Enquirer: 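Dropping the structure in here first, questions after.
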Amino acid sequence: MSESVYNKKFKEHKSVHPVDIEKEVLDFWKREKIFEKSISSREGAPAYVFYEGPPSANGMPGIHHVLSRTIKDIFCRYKTLKGFQVHRKGGWDTHGLPVELQVEKVLGITKKDIGTKISVEDYNTKCREEVMKFKDAWDDITQKMGYWVDLEHPYITFDNDYIETLWYLLKELYKKDFLYKGLKIQPYSPAAGTGLSSAELNLPGCYKMVKDTTAVAQFKLQSPFPKHLADIEGDVHILAWTTTPWTLPSNTALAMGKNIEYVLVKTINPYTHAPLNAVLAKVLMSNFFHPEQENKDFSTYQQDGKNIPYKVLASFKGAELAGLSYEQLLPFEANTKEHIEGDAFKIILGDFVTTEDGTGIVHIAPSFGADDMKVAAENGIGSLTMVDKEGKFIDGMGPYSGRFVKDYKDEPNYVSVDVDIVIQLKKENKAFKVEKYEHTYPHCWRTDKPVLYYPLDSWFIKVTAVKERMIELNKTINWKPASTGEGRFGMWLENLVDWNLSRSRFWGTPLPIWRTEDGEEEICIGSVAELRSEVLKSVAMGFMDAPLADDFDLHKPYVDQIILTSSKGTPMKRESDLIDVWFDSGAMPYAQIHYPFENKEQLHQVFPADFIAEGVDQTRGWFYTLHAISTMLFDSVAYKNVVSNGLVLDKNGNKMSKRLGNAADPFQTLGKYGADATRWYMISNSQPWDNLKFDLEGIEEVNRKLYGTLYNTYAFFSLYANIDQFSVVEEQIPLSERPEIDRWVISLLNTLVKNVDAFYADYEPTKATREIQTFVNDHLSNWYVRLCRRRFWKGEYSKDKIAAYQTLYQCLETVARLMAPVAPFYSDYLYKCLHTELDDAASVHLGLFPEVDFVAINEDLEKRMDIAQEISSMVLSLRKKQSIKVRQPLQRIMLPVVREGFVEQVEQVKELILNEVNVKEIEYVNDTSGIVKKRIKPNFKVLGKKLGGKMKMAADAIQQFSQVEIQQLENAGNKELYLDGERFEIALEEVEIFSDDIEGWLVTSNNGITVALDIHLSDSLLNEGLARELVNRIQNERKDAGFFVTDYIKIHVEENESIKDALIEFKQYICGETLAKDLYMVSSLPEAKEMDINEVMVRILIEKI
RNA sequence: AGUCCCAUAGCUCAGCUGGUUAGAGUACUACACUGAUAAUGUAGGGGUCGGCGGUUCAAGUCCGCCUGGGACUACCA
């Protein structure tokens, strides 16, 4: 091994692609089992509990998964660095409709074919295969994106053990009386013969515009009328509008608004021309009557249905009619009152009644509307279900018996029942207005036929019983953002309805309830063992042939083959439903450890979670089901902190979709730009809960700006550190002995650590990344390194030099650890480059988060460096305006002193400023000199409070103060001011005074600081400028010639009058800067390169010694 | 229909409890720099802070309404 290589402690790399670095780091993690060690090394430390929301592996991972998993990863890694032990068990969501659909697509079958073309057994086997179809792709992306999660021992929702825990939980709910079977109005597709979930209803294209025949029906009020209607002549009719006339035979009530103003109107039926007394909402009268027809003579009516006269007879609130009875609108033998359980044909009050359309009175058919059912139940009103599950009228419905309410069978001559019913109403003087109406209506996504709302038997979880507790517990959860917890989730809890568990499907967790045929007896099974022992009873009874096999599969169709035995010895069959897959995922805290059959005592170690994170779309999904189950069964929250992230949109803000081809492929993205850049971009670009407009150019920018800068900074460091053989283990130079700029950057670094730590702890990763970025780019690279460059390559291995190395080293090393949660690859790479003294298995992820050294934080220091930067920037700007290049030294800058302490501040950073702007001295001008012009501005915040309405006037007056007046105010400390003749006293603290200009100087001012630049050039300054130009050319020449930065040279310069003085005066300087042993002036150098030194052509030759 | 989020420079975003030239990065243009070159510095143009109304001496910031984008829930005569 050659000596030079041996000396290179710090890896120097030539242009390494981020993706290559990540590959290297990934190999290292695998080889050294870093992930496993990051957990095992924290054995005995306090746990930080995280739940992985299980993805479904039957689809390819998308770019949005990279976002949500980055968020999860960040906080798990952060807490690990903070010393916690963070287990992360992976999981797979395997049940449910999407899986079934996929299988049907693959096999080319539909639901109808199950049981005929394919057995349930084969179908479910296929589901089991299909659901893990893309597991490899998921594992791949998980690794490539640097997401640390335990893929070796994931929980899988279709496992028997998992299902057994679900059964246990269900039985616990059952025992608490939280599980019940009930009739609920649910979306139902008669054409498909199945209930639909709301998710299915919300599939794209399900809501379609349809044109329906609608009717305003007349419901005849029964006498006796209430007192205020007592003297009405003839019948009174209530008008109610419906878009589904086929529900009218099932009407059992009318709903009015309690506080809605109604009127009784005397008018004429437009179809039969019979006189009519009608009740409707006052504000909706104009929908039915022309104002000019009010109080018109009824005898002039033309019997044509037009220009109907009317007269308002009475006005009253809906509450006054509540409880009145009316005659059934469409009586048949099957829908008489005897068929109704409960009251019927009454006027009731409902909150949901509005006067937006119709008549302000709602026709109630409890069987066909959820609202209807609810309000009916509240008022003791029974229901009529005159339509069967095929969507046709039942027998005993006169001419309508057997007719389909919508065209479910594609009958060639289908005649609308709605139309026929309306015709009947018209004929019978029961229709006030009939018209076509266009609105959206849900359709079954499979059959394209309209959905009905239909009463279906379902199993429910009585979450409403713990509603208050759920609301209470929710208040203890830290939501990010808070608005989702209070708003979307909070509102959802406020309007909670019981959880409909039933799903009539094939691939899912079976409901473990067996019932006798008459429903008299039922049993809820809570474990496999219990099932096993129940089966034995059935075997004894002869209902079953054999006990349960050891490897019995708890899925359909096998569970359905089990018949249990009631206490009376009658057979019990399983309720055929499967349960909502959301129960699967909501139960994962317990099911992932097979609680309570295993790990019973360990539950408190993994429950509740400290942290979960998923997309905001999970608010009423997983976030809800976790919360519901934990509240009901454990009276606890399931998670303490939750981050709900927004969507990933395309760069134009449109939703990504495969169909539109604007979906970003995560594999491509990671492959091209690397995981760290992608992760950093996603987190730093927008807050997690805002939608992310995903733009590849942004990722490129991260690579260029952040990693590029870090890379350069490290490369700079390693280049010189190796030359000087800098060592980490050297004794640290105390901060107090380091120069101002070192103390400054260390102060900033500690402030950074403090803030970043707080941001991570507060689940604010975006703020953390932005703060790190600012430090790396603006402070470390663009100021510290730029200003300190000379310290690294100039001179001996002095104390100052060591201080510089130690300072820069500490910054880089700390940054690596700060960014480790977000950029796990690059941070580890950098960390290892910096820690050559550690063994090969060291990793940033096994270390600890940096500690803040509060003593090192010095706000005054940070403040005066701000001033230094401000002054430097202004001087450079002035130079620019005069086209004086920075290489040309200038004599002095002048700073007006307007504030006490200003001089002291500047003095401490004087050298930095002078070096940066290449100026010899700073001169301070006191305002007493009279050459400084001042500007005054009121302090609005202070003065506004004092003056209130007079503020504007005062501002104008103050800004117009003359120089003399400003001086007076400064001297006296206050000054009187007359506004509108009123006297006010203005104190010095209530205004801000700036120096604005210095007469006769080149001046600029900003942020209250003014700088004047002396641009006079003496011969000596000019010569020094020339010398610097020479140095610059020689340095370039060195570089072009490929000399190493430590090589010594000799310089030959052809004699030239214009630069002769400069060469003589600054020979030492030139040689020192260019590592030249000597500089020779020669009369002729024909072979040398000609160089332009301030428009003078000079021949210079350099050679290595 | 309800609830929530978002709207500031061409693009991506800051802007704390209301306080007076509305900022940064990026892109563009010009100049400079070149022993960090995946750079860097300086200057420049570019904004009725989505619209309307209100509160206030003062509104990008607070309130109301509306428009547009997005999400979720529900679906109603």
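Keep in mind that what you see is a predicted model, and the values were worked out from it rather than measured. First the proteins, then the strands, lettered A, B, ... as listed; each starts at 1.
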Enquirer: In whole Å, what is the span from the CZ atom of R770(A) to the C1' atom of rU26(B)?
Expert: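 My rounded result for the distance is 14 Å.
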Enquirer: In whole angstrom, what separates L710(A)'s CG from rU40(B)'s P?
Expert: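 That distance rounds to 13 Å.
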Enquirer: Over how many whole Å does the gap from F940(A) atom CZ to rA59(B) atom C1' extend?
Expert: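 Distance check: F940(A) CZ to rA59(B) C1' gives 14 Å.
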Enquirer: Would you indicate what V616(A) reaches in the nucleic acid, counting non-hydrogen atoms under 4.0 angstrom: base, sugar-phosphate, or nothing?
Expert: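 The residue V616(A) makes sugar-phosphate contact but no base contact.
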Enquirer: Of the nucleotides rG19(B), rC13(B), rU21(B), which one has an atom closest to the side chain of K937(A)?
Expert: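 Given the options rG19(B), rC13(B), rU21(B), the side chain of K937(A) is closest to rU21(B).
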Enquirer: Measure from OH on Y681(A) to P on rC11(B) and round the result to the nearest Å.
Expert: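 The distance from OH of Y681(A) to P of rC11(B) comes to 14 Å, rounded to the nearest Å.
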Enquirer: Could you check whether E1073(A) pairs with R790(A) (Lys NZ or Arg NE/NH1/NH2 to Asp/Glu carboxylate O, under 4.0 Å)?
Expert: yes
Enquirer: Taking donor-acceptor contacts at under 3.5 Å, does the side chain of T709(A) reach the base of rA39(B)?
Expert: no
Enquirer: Please round to the nearest 0.5 Å and tell me the distance separating atom OG of S686(A) and atom CG of L67(A).
Expert: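 Here the rounded value is 7.5 Å.
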Enquirer: Taking any heavy-atom pair under 4.0 Å as a contact, classify G944(A): base, sugar-phosphate, or nothing.
Expert: base
Enquirer: Does the Lys NZ or Arg CZ of K433(A) fall within the cation-pi geometry relative to F288(A) - under 6.0 Å from the ring centre and within 45° of the axis?
Expert: yes
Enquirer: Using a cut-off of 4.0 Å on non-hydrogen atoms, how would the nucleic acid contact of K885(A) be classed: base, sugar-phosphate, or nothing?
Expert: sugar-phosphate
Enquirer: Describe the nucleic acid contact of S781(A) in one word from base, sugar-phosphate, nothing, applying a heavy-atom distance below 4.0 Å.
Expert: base
Enquirer: Round to a whole Å and report the spacing from CD1 of I699(A) to P of rU26(B).
Expert: 17 Å
Enquirer: What distance, rounded to whole Å, do you find between the two P atoms, one in rC65(B) and one in rA24(B)?
Expert: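 It works out to 36 Å between them.
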Enquirer: Strictly by Watson-Crick or wobble contacts shorter than 3.5 Å, is anything paired with rA32(B), and which nucleotide is it?
Expert: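 Partner of rA32(B): rU40(B).
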Enquirer: Taking the same atom, C1', in rG19(B) and in rC28(B), what whole-Å distance lies between them?
Expert: 35 Å
Enquirer: I'd like the C1' distance from rU73(B) over to rA27(B), given in whole Å.
Expert: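 Each nucleotide's C1' atom is 42 Å from the other's.
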Enquirer: Taking any heavy-atom pair under 4.0 Å as a contact, classify E701(A): base, sugar-phosphate, or nothing.
Expert: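 It contacts sugar-phosphate atoms only.
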Enquirer: Reckon N777(A) touches a base, only the sugar-phosphate, or nothing at all at heavy-atom distances under 4.0 Å?
Expert: nothing
Enquirer: Find the partner of rC65(B): check Watson-Crick (N1-N3 plus N6-O4 or O6-N4) and G-U wobble (N1-O2, O6-N3) distances, both under 3.5 Å, and reply none if neither fits.
Expert: rG51(B)
Enquirer: From the list rC4(B), rA36(B), rG41(B), which nucleotide is the closest neighbour of the side chain of T484(A)?
Expert: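 In terms of side-chain proximity for T484(A), the closest of rC4(B), rA36(B), rG41(B) is rC4(B).
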Enquirer: Whether N691(A) contacts rC6(B) is assessed here as follows: a side-chain N or O lying under 4.0 Å from the phosphate OP1 or OP2. Is that the case?
Expert: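 False: N691(A) side-chain N/O out of range (4.0 Å or more) of rC6(B) OP1/OP2.
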Enquirer: Across all strands, who's sitting opposite rU21(B) as a Watson-Crick or G-U wobble pair, both distances under 3.5 Å?
Expert: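 Result: none.
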Enquirer: Can you confirm whether the side chains of N777(A) and T709(A) place a donor and an acceptor under 3.5 Å from each other?
Expert: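 Note: N777(A) and T709(A) side chains meet the donor-acceptor criterion.
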Enquirer: Between rG50(B) and rA9(B), how far apart are the P atoms? Round to whole Å, please.
Expert: 8 Å
Enquirer: Closest to the M951(A) side chain: rC57(B), rC4(B), rU26(B)?
Expert: rC57(B)
Enquirer: rA22(B) and rG46(B): how far apart are their P atoms, nearest whole angstrom?
Expert: 13 Å
Enquirer: Would you measure the distance from the P atom in rU61(B) across to the matching atom in rU48(B) and give it in whole Å?
Expert: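 That atom pair is separated by 16 Å.
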Enquirer: Counting heavy atoms from C-beta on, name the nucleotide in rC13(B), rU42(B), rG19(B) closest to the side chain of L876(A).
Expert: rU42(B)
Enquirer: Checking contacts here: which listed nucleotide (rC5(B), rA36(B), rG19(B)) is nearest the side-chain heavy atoms of K945(A)?
Expert: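 It is rG19(B).
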Enquirer: Of all the nucleotides listed (rA58(B), rA38(B), rA14(B)), which has the minimum atom distance to the side chain of K952(A)?
Expert: rA58(B)
Enquirer: Which value, in whole Å, describes the distance between the C1' atoms of nucleotides rG15(B) and rA7(B)?
Expert: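 rG15(B) and rA7(B) have their C1' atoms separated by 15 Å.
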Enquirer: For D372(A), report the nucleic acid contact type (base, sugar-phosphate, nothing); a contact means any heavy atom under 4.0 Å.
Expert: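 No contact.
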Enquirer: Under a 3.5 Å cut-off for both distances, is rG46(B) Watson-Crick or wobble paired, and to whom?
Expert: none
Enquirer: Where the side chain of K705(A) is concerned, which of rC75(B), rU26(B), rA38(B) is the nearest nucleotide?
Expert: rU26(B)
Enquirer: Look at the aromatic rings of Y624(A) and W499(A) and report parallel, tilted or perpendicular, splitting at 30° and 60°.
Expert: tilted
Enquirer: Starting from the 5' end of RNA chain B, give me the residue, G360(A) or Q1035(A), whose nearest nucleotide shows up first.
Expert: Q1035(A)
Enquirer: Please report the C-alpha distance between Y707(A) and Y826(A) in whole Å, then the side-chain angles of each, then the deciding distance to 0.1 Å, and finally whether the ring-ring contact (aromatic ring centres under 6.0 Å, His included) criterion is met.
Expert: CA-CA 8 Å; Y707(A) 297 116; Y826(A) 190 79; 5.4 Å; yes
Enquirer: To the nearest angstrom, how far is L692(A) atom CG from rC5(B) atom C1'?
Expert: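 Result: 14 Å.
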Enquirer: So if I take every side-chain heavy atom of S483(A) and compare against rC4(B), rC13(B), rA27(B), which nucleotide ends up nearest?
Expert: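 The answer is rC4(B).
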Enquirer: Looking at rU56(B), which nucleotide sits across from it as a Watson-Crick or G-U wobble partner, both distances under 3.5 angstrom, or is there none?
Expert: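 Checking every strand shown, rU56(B) finds no partner, since no pair has both distances under 3.5 Å.
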Enquirer: Using the C1' atom as the reference point in each nucleotide, state the distance between rU21(B) and rC49(B) in Å, no decimals.
Expert: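 Comparing C1' positions in rU21(B) and rC49(B) gives a spacing of 15 Å.
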Enquirer: Mind checking who rU3(B) pairs with, Watson-Crick or G-U wobble, both distances under 3.5 Å?
Expert: rA71(B)
Enquirer: May I ask you to decide whether D212(A) forms a salt bridge with K436(A), counting only side-chain N to carboxylate O separations under 4.0 Å?
Expert: no
Enquirer: Rounded to whole Å, please give me the gap between CZ in F489(A) and P in rU3(B).
Expert: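 Taking CZ of F489(A) and P of rU3(B), I get 18 Å after rounding.
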Enquirer: Would you call the rings of Y720(A) and F716(A) parallel, tilted or perpendicular if under 30° counts as parallel and over 60° as perpendicular?
Expert: perpendicular
Enquirer: From rU40(B), rU17(B), rU12(B), pick the nucleotide closest to the side chain of K941(A)?
Expert: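 Of the candidates, rU17(B) comes closest.
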Enquirer: Under 4.0 Å between a side-chain N or O of R789(A) and OP1 or OP2 of rA36(B)?
Expert: yes
Enquirer: Rounded to whole angstrom units, what separation is found between the CD atom of Q773(A) and the C1' atom of rA14(B)?
Expert: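 Distance check: Q773(A) CD to rA14(B) C1' gives 12 Å.
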Enquirer: So, OP1 or OP2 of rU21(B): does either fall under 4.0 Å of a side-chain N or O from R935(A)?
Expert: no
Enquirer: Return the nucleotide paired to rA9(B): Watson-Crick means purine N1 to pyrimidine N3 with N6-O4 or O6-N4, wobble means G-U with N1-O2 and O6-N3, both under 3.5 Å.
Expert: none
Enquirer: Can we say E916(A) and R786(A) salt-bridge, meaning some charged N sits less than 4.0 Å from an Asp/Glu carboxylate O?
Expert: yes
Enquirer: Taking for each residue the nucleotide of RNA chain B with the nearest heavy atom, is it W689(A) or K950(A) whose nucleotide lies nearer the 5' end?
Expert: W689(A)
Enquirer: Of the listed nucleotides (rU40(B), rU20(B), rA39(B)), which one gets closest to any side-chain atom of N712(A)?
Expert: rA39(B)
